[in-house]
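I have placed the structure first, in the form of structure tokens, so that the comments after it can refer back to it.
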Amino acid sequence: MDFPPSKLPHVGTTIFTVMSQLAAEHGAINLGQGFPGFPIDAELIENVHQAMKLGFNQYAPMTGLTSLREQIGLKMQRLWNREFNIQTQINITAGASQAIFTAIGALIQPGDEVILFAPAYDCYAPAIELNGGVVKWVNLQYPSFEIPWDALNGLLSKKTRLVMINTPHNPTGKVWSLDEMKRMADWVRLHQLYLISDEVYEHITFDGRPHVSMAQFEEISEQTMLVYSFGKTFHATGWKLGYAIGPEQWMTEFRKQHQFNVFTCNTPFQWAIAEYMKDHTRYQKISPMYQAKRDLVVRELFASAFENLPAAGTYFQLIFWKGESSLSDVELAKKWTIENGVTLIPTSVFYPDQKDNRVFRLCFAKENEELERGMRQIAGIGLKA
Ligand SMILES: Cc1ncc(COP(=O)(O)O)c(C=O)c1O
């Protein structure tokens, strides 16, 4: 019996898996992997133990533990002076990925068009396509990654339903300014579009640059779904917990899908985070820790064949290779893994047209000792390949 045709014919094994396997085979230092290489706070682990011992081991409510949604509500109030209804507007999810997938599924009808900025995180386009939507790509201007407003207007049609943004941005490290966010909010309102604002790196910004949330723009609150990840904030990506905040109408449809797909997320981990968030200063300590690592990378690049592109947030640094080669960026990344013992992610994989700018993504969410070893390997890469 023939299996029906693939619904995602263009999706294969991701470059992240390919490069991580290659790194493991050759014992290379893996600065490609996009997750923290250091332990989480021991108190969080203790909280999980305690939750389990206290008996929080059965299904949590479909929408998430009330105590956790309360903490999120308080946080949004504190940070953005916004009141969200924790019963109808906030939902705990299995990471930001599920929040994004469900928000798209709840909204997109076959034939709807969705505007995405390239380079983009890789889970957006497949979620749109699986729901019969059509992706309209627009490239952020290279190398400043500014928003191409004219090109954006050219993409609008009667079928445009949704635009998705991500700030602080993976993989570029761009942090959208207040002006850019305001202009986007105005644009979305003018054209009556929906917006998903992926803010998973909200607490990782540098050099005093603030994160601006779409939560600040109340005038588009009926059109906006905000998405967050505890994995990024508390260095616990493997816990796969996040949340979505949106208007009631959108959230009602969101929950119809969530309840039959995920139903609910694991209870003791939700409880552990709710307890931890009672001290609201915790997430404020993250930026300085990451900024020191970003600075270490930039310092060490100085005498290498690479230069950094300015990055204001996330735990990624883009680095431009100044050398010459007939190899593609993907081939170069493989070659350096095998011959130079360090693994980077080629950024062409974040573009639908595989745009090769000779730019690579380096993840600096690593212990300093590993980061320093990685940077020494990078220093060994020459100008010819
Ligand atoms: C921009 C962006 N959005 C969403 C996610 C997914 O987050 P989670 O692990 O919470 O699903 C990631 C993870 O790398 C990301 O970089």
Side-chain angles (χ1 to χ4, degrees), residues 14-17 19-20 30-37 40 44 64 68 72 90-105 114 116-128 135 140 145 162-176 195-205 211-214 224-246 254 258 261-262 265-266 269-270 272-273 277 283 286 290 294 311-318 344-345 347 349-351 361-366:
T14 71
I15 189 77
F16 307 100
T17 306
M19 295 307 296
S20 286
N30 192 349
L31 301 181
Q33 284 179 319
F35 57 79
I40 64 170
L44 265 173
L68 185 53
I72 294 167
I90 301 178
N91 214 98
I92 308 301
T93 57
S97 315
Q98 187 239 314
I100 291 165
F101 196 87
T102 310
I104 291 170
V114 182
L116 294 186
F117 293 95
Y121 182 60
D122 59 355
C123 82
Y124 302 165
I128 294 160
V135 179
L140 293 168
F145 300 114
L162 171 71
V163 55
M164 295 182 63
I165 66 165
N166 169 216
T167 181
H169 184 256
N170 175 10
T172 65
K174 172 187 170 69
V175 175
W176 288 45
L195 175 82
I196 294 178
S197 189
D198 176 346
E199 302 181 9
V200 299
Y201 298 102
E202 62 181 327
H203 299 302
I204 312 178
T205 62
H211 164 61
V212 183
S213 173
M214 267 301 165
T224 307
M225 188 70 77
L226 304 158
V227 173
Y228 301 97
S229 169
F230 293 118
K232 307 293 177 187
T233 300
F234 299 130
H235 326 310
T237 56
W239 286 21
K240 285 303 293 181
L241 275 180
Y243 53 102
I245 306 180
F254 180 110
H258 176 79
N261 189 349
V262 183
C265 300
N266 68 75
F269 290 79
Q270 289 190 61
I273 293 174
M277 281 178 75
Y283 46 81
I286 303 170
Y290 277 122
R294 193 269 324 245
T314 77
Y315 46 55
F316 301 112
Q317 174 66 57
L318 291 190
L344 303 167
I345 297 294
T347 54
V349 303
F350 294 93
Y351 285 93
R361 191 192 77 175
L362 181 161
C363 173
F364 52 80
K366 309 290 167 197

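Atoms within a ligand are numbered from 1 in the order they appear, just like the ligands themselves. Since the model is a prediction, treat every value here as computed from it, not as a measurement. Here, residue 1 is the first one in the sequence, and each next residue gets the next number.
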(request) For Asp122, enumerate each residue passing the side chain to side chain contact (heavy atoms under 4.5 Å, CB included) test, keeping only those at least two apart in sequence or located in another chain. (result) Thr14, Phe16

(message) Taking Tyr201's backbone N and O only, do any of them form a donor-acceptor pair with His211's side chain (distance below 3.5 Å, no angle check)?
(response) no

(request) Validate the cation-pi geometry between Lys240 and Phe230: distance from NZ or CZ to the six-membered ring centre under 6.0 Å, angle to the ring axis within 45°. (result) no

(request) With sequence neighbours left out, write down each residue that passes salt bridge (Lys or Arg N to Asp or Glu O under 4.0 Å) with Arg361, or none if nothing qualifies. (result) none

(request) Mind checking salt bridge (Lys or Arg N to Asp or Glu O under 4.0 Å) for Glu202 and listing every partner two or more places apart, or none if nothing turns up? (result) Lys75

(message) With a 4.0 Å heavy-atom cut-off, what residues sit around ligand 1?
(response) Gly95, Ala96, Ser97, Tyr121, Asn166, Asn170, Asp198, Val200, Tyr201, Ser229, Lys232, Lys240

(request) Identify the two heavy atoms, one from Tyr315 and one from Gly34, that lie closest to each other, and give their separation to 0.1 Å. (result) OH-O, 3.3 Å

